[in-house]
Every structure is written in C-alpha cells, then in structure tokens.
K.L.:
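Shown below is the structure under consideration.
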Amino acid sequence: MQGLIITLDGPAGSGKSTIARRLAQRLGLEFLDTGAMYRGLTALCLDDGIDPAAAPAAVVELARRFPIRFDWQADPPRLHIGEHDLTDRLRDPDVTFSVSDVASIGAVRQVMVEAQRRIALSHPRLVTEGRDQGSVVFPQALIKFYLDATPAVRAKRRAEEIRRAGKPVDEAQILEQITMRDQRDQQRTDGPLYCPSNAAVVDTSHLSLEQVLEHLEKLVREKAAEAQITIGGSSKYQPASPLGTEPSR
C-alpha cells in the first residue's frame, strides 16, 4: 500500500484537530493528533504536582519514562501515557495554560518527534496535525496545509468546545491564553510555529467546517491523482463558495 502523509499545521484553535479527523475519515486515512500528545504530557505533569515552567528536567524524565500511545479503535483515538488515559483532561484550562511550557522544552520535542515518526511507520497513510508537522516532523510530506484564524475566533471556538464538554469556561481568559501561546510558540527555539514554505494557507475565520473540508479534500484528491496515489474514502466534495485562501509567503 502506498504511503501518504498529509500535514495540517497552525496555531491553537484554528480547527486543526476537528478538520484533520474529519478529513481523514473522508479520505479513508488515519488521524494523528500531535497536540494531544503535548497536552497529555502536560496533564500528567500537573497531576503529579510538577510545574513545567519551574522543573523542565522532571518533564523530560516523564516524557522518556512513560510511553505515549493512541487507542486507534476509538474515534477520535484516545490518548494513553503509561497506564493513564488522559483524553478527558486535554482541554482543561490548567493544561491549556501550561502546555506551551512543555512544548518549548527541546528534549521533550525530540521525544515527541521520534514518537510521531514511529507512529507514521506503523500508520503510513496518515493525516497529522500540530504546529511543526510539515516544517519539522514530516518535511517531505506530499501535501501540507497551514490553517489559521483570528485570535478572537479561535478563543470563541475553544470556549464552545469546552462548554459542549459540560465544563465552565471564561472566554476572555481563553483569548488571553491563546495570545500568549501564539507568542511562545512563535518565539521558541525548538520547533517554532511557522508556515512551511510549500504549504497551502487556509484562513478559517469566516468559513464553515464543511467549506474547509470540501476545499482541503479537493486539493488532496487532485494532488494525490497527480502523484498516482490511490485514495479511498467516500468523497463528499461539492463546489463551495470561495474560501479566501492564498499561497503561503
């Protein structure tokens, strides 16, 4: 079977996880949520009483000691670190606040990158999302996207996601956290957030989920056909209104 890696990068709240999962379903591919890996490690640290900003060495030790795996039988796949299922902790406010501290630790990123590449060896037909998938982890990926949206829109989306989970939410606080995380992610030395030079940029601020999916699916199927790579799934593509995309710069 031919391998196919599709990467979706972008800042927090741009819709990467939802869109990557739905796109994988449409194309008959598997889905890797790399952001969940960092969030899961953050949750494990906090639950163990470790402050990632104050004790980075302890974070690295946890990352190396406890293997990360996904339960691929679930949809979306559930995240396990060691014996802990941390899926339901991933969007909690304390995790959101501290995840950039974890993601900025170079040795942690090395562990994660190695784990993500191992996953791709076992699951070679993959839609993977994160902040460094097309730029660092899978630079040779055939198809790369960069999803973006304004901070206010991203904060609103994240707040709605938390409300649907039945948890209390402060949207203003989420906006502040997203703005801070953007700055941290863009300025960090290891795996900083930036748009890969050959990625297709999609601003999702004023687009519906269906519009984004239709556009990405169309581009993937065209690119795969050019490369003579067979894609399964059930195509739902219908011509949609203009998406306001632009070439990456």
Side-chain angles (χ1 to χ4, degrees), residues 6-24 31-43 76 79 87-104 127-136 144-188 191-196 199-216 240-246 248-249:
I6 300 169
T7 63
L8 277 73
D9 289 316
S14 56
K16 300 185 304 297
S17 296
T18 299
I19 290 168
R21 180 168 64 90
R22 299 280 185 87
L23 183 64
F31 161 57
L32 175 59
D33 181 353
T34 67
M37 298 170 71
Y38 289 98
R39 285 178 171 271
L41 180 59
T42 303
L79 177 77
T87 309
D88 296 332
R89 280 278 280 130
L90 300 182
R91 302 298 178 187
D92 286 350
D94 60 336
V95 174
T96 296
F97 180 79
S98 297
V99 66
S100 280
D101 292 324
V102 170
S104 66
V127 178
T128 178
E129 70 83 18
R131 286 171 178 73
D132 60 355
Q133 296 303 286
S135 56
V136 175
K144 302 178 184 180
F145 295 108
Y146 187 88
L147 305 187
D148 205 352
T150 65
V153 167
R154 290 186 277 135
K156 182 178 180 180
R157 289 173 179 167
R158 182 58 53 78
E160 290 174 348
E161 182 180 19
I162 295 172
R163 289 190 189 101
R164 286 195 297 270
K167 299 179 180 180
V169 60
D170 182 337
E171 190 168 324
Q173 182 184 55
I174 291 176
L175 176 58
E176 181 180 359
Q177 290 176 345
I178 280 178
T179 301
M180 291 175 58
R181 185 166 186 193
D182 285 350
Q183 294 174 347
R184 292 175 183 172
D185 288 351
Q186 291 165 357
Q187 294 171 2
R188 69 187 181 215
L193 170 65
Y194 70 92
C195 177
V201 179
V202 181
D203 187 336
T204 70
S205 299
H206 305 293
L207 302 175
S208 69
L209 173 64
E210 189 64 23
Q211 284 178 312
V212 178
L213 283 170
E214 288 174 354
H215 182 61
L216 268 58
S241 55
L243 293 174
T245 59
E246 60 183 23
S248 59
R249 294 186 291 271

K.L.:
Who pairs with K144 by side chain to side chain donor-acceptor pair (under 3.5 Å), at least two apart in sequence or on another chain?
P.N.:
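Side chain to side chain donor-acceptor pair (under 3.5 Å) check on K144 returns N198.
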K.L.:
Are any non-hydrogen side-chain atoms of R154 and S14 less than 4.5 angstrom apart?
P.N.:
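Side chain of R154 against side chain of S14, heavy atoms only: contact under 4.5 Å found.
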K.L.:
Which residue pairs pass the side chain to side chain donor-acceptor pair (under 3.5 Å) test when at least one of the two sits in residues 94-104, sequence neighbours left out?
P.N.:
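Passing the test, one end in residues 94-104: R39-T96, R89-D94, S100-R181, S100-D185.
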K.L.:
Please find the pair of heavy atoms, one from P196 and one from G134, that lie closest to each other, and give the distance.
P.N.:
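In this case the closest contact between P196 and G134 is CG-C, 3.8 Å.
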K.L.:
Among all residues two or more places apart in sequence or in another chain, which pass the side chain to side chain contact (heavy atoms under 4.5 Å, CB included) test with S205?
P.N.:
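Scan of S205 (side chain to side chain contact (heavy atoms under 4.5 Å, CB included), adjacent residues dropped) gives A149, T150, V153, D203.
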K.L.:
With a 4.5 Å limit on heavy-atom distance, are the side chains of R91 and S17 in contact?
P.N.:
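R91 vs S17: side chains touch.
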K.L.:
Does V202 reach the side chain of L207, with side-chain heavy atoms less than 4.5 Å apart?
P.N.:
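With C-beta onward as the side chain, the pair touches.
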K.L.:
What are the two closest non-hydrogen atoms of I19 and L213, and how far apart are they?
P.N.:
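Shortest heavy-atom separation between I19 and L213 comes out as O-CD2, 3.6 Å.
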K.L.:
Please report the interatomic distance CG(L147) to CG(L8), rounded to the nearest 0.5 Å.
P.N.:
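Rounded to the nearest 0.5 Å, the CG-CG separation comes to 5.0 Å.
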K.L.:
To the nearest 0.5 Å, what is the distance between CZ (R131) and CD (Q186)?
P.N.:
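Atom-to-atom, R131:CZ and Q186:CD are 10.5 Å apart.
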K.L.:
Report the residues that fulfil salt bridge (Lys or Arg N to Asp or Glu O under 4.0 Å) with D132, sequence neighbours left out, ordered by chain and then residue number.
P.N.:
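Partners of D132 by the salt bridge (Lys or Arg N to Asp or Glu O under 4.0 Å) criterion, ordered by chain and then number, come out as R109.
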K.L.:
Does any non-hydrogen side-chain atom of E129 lie less than 4.5 Å from one of F31?
P.N.:
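The answer is yes, as the side chains (C-beta and beyond) meet within the 4.5 Å cut-off.
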K.L.:
Check whether any side-chain N or O of T7 sits under 3.5 Å from a backbone N or O of T128 as a donor-acceptor pair, and report yes or no.
P.N.:
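Not a single qualifying donor-acceptor pair exists.
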K.L.:
Looking at every heavy atom in both A12 and D182, which two are closest together, and how far apart are they?
P.N.:
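Looking at all heavy atoms of both residues, the closest pair is N-OD1, 4.4 Å.
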K.L.:
Please find the pair of heavy atoms, one from Y38 and one from V102, that lie closest to each other, and give the distance.
P.N.:
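Looks like O-CG1, 4.3 Å.
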K.L.:
Could you state the interatomic distance from CD (E214) to CG (L23), rounded to the nearest 0.5 Å?
P.N.:
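Those atoms lie 12.0 Å apart.
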K.L.:
Can you list everything that forms a salt bridge (Lys or Arg N to Asp or Glu O under 4.0 Å) with R157? Sequence neighbours excluded, please.
P.N.:
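Checked R157 against salt bridge (Lys or Arg N to Asp or Glu O under 4.0 Å); zero matches.
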K.L.:
Tell me if a side-chain donor or acceptor on K16 pairs with a main-chain N or O of G10 at a distance below 3.5 Å.
P.N.:
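Yes, K16 side chain to G10 backbone: donor-acceptor pair under 3.5 Å.
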K.L.:
Residues two or more places apart in sequence or in another chain: which of them pass side chain to side chain donor-acceptor pair (under 3.5 Å) with T42?
P.N.:
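Partners of T42 under the side chain to side chain donor-acceptor pair (under 3.5 Å) test: none.
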K.L.:
At their closest point, which heavy atom of A36 faces which heavy atom of L79, and how far apart are they?
P.N.:
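So the two residues come closest at O-CD2, 3.0 Å.
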K.L.:
Do the side chains of D9 and Y194 get nearer than 4.5 Å, heavy atoms only?
P.N.:
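When only atoms from C-beta onward are counted, D9 and Y194 do not touch, as no gap falls below 4.5 Å.
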K.L.:
Does any part of the side chain of D33, heavy atoms only, come nearer than 4.5 Å to the side chain of L90, both counted from C-beta?
P.N.:
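No, side chains not in contact.
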K.L.:
In residues 162-178, what donor-acceptor pairs under 3.5 Å come from side-chain atoms, sequence neighbours left out?
P.N.:
residue : atom : partner : partner atom : Å
K167    : NZ   : D88     : O            : 3.0
K167    : NZ   : D92     : OD1          : 2.5
D170    : OD1  : A172    : N            : 3.1
D170    : OD1  : Q173    : N            : 3.2

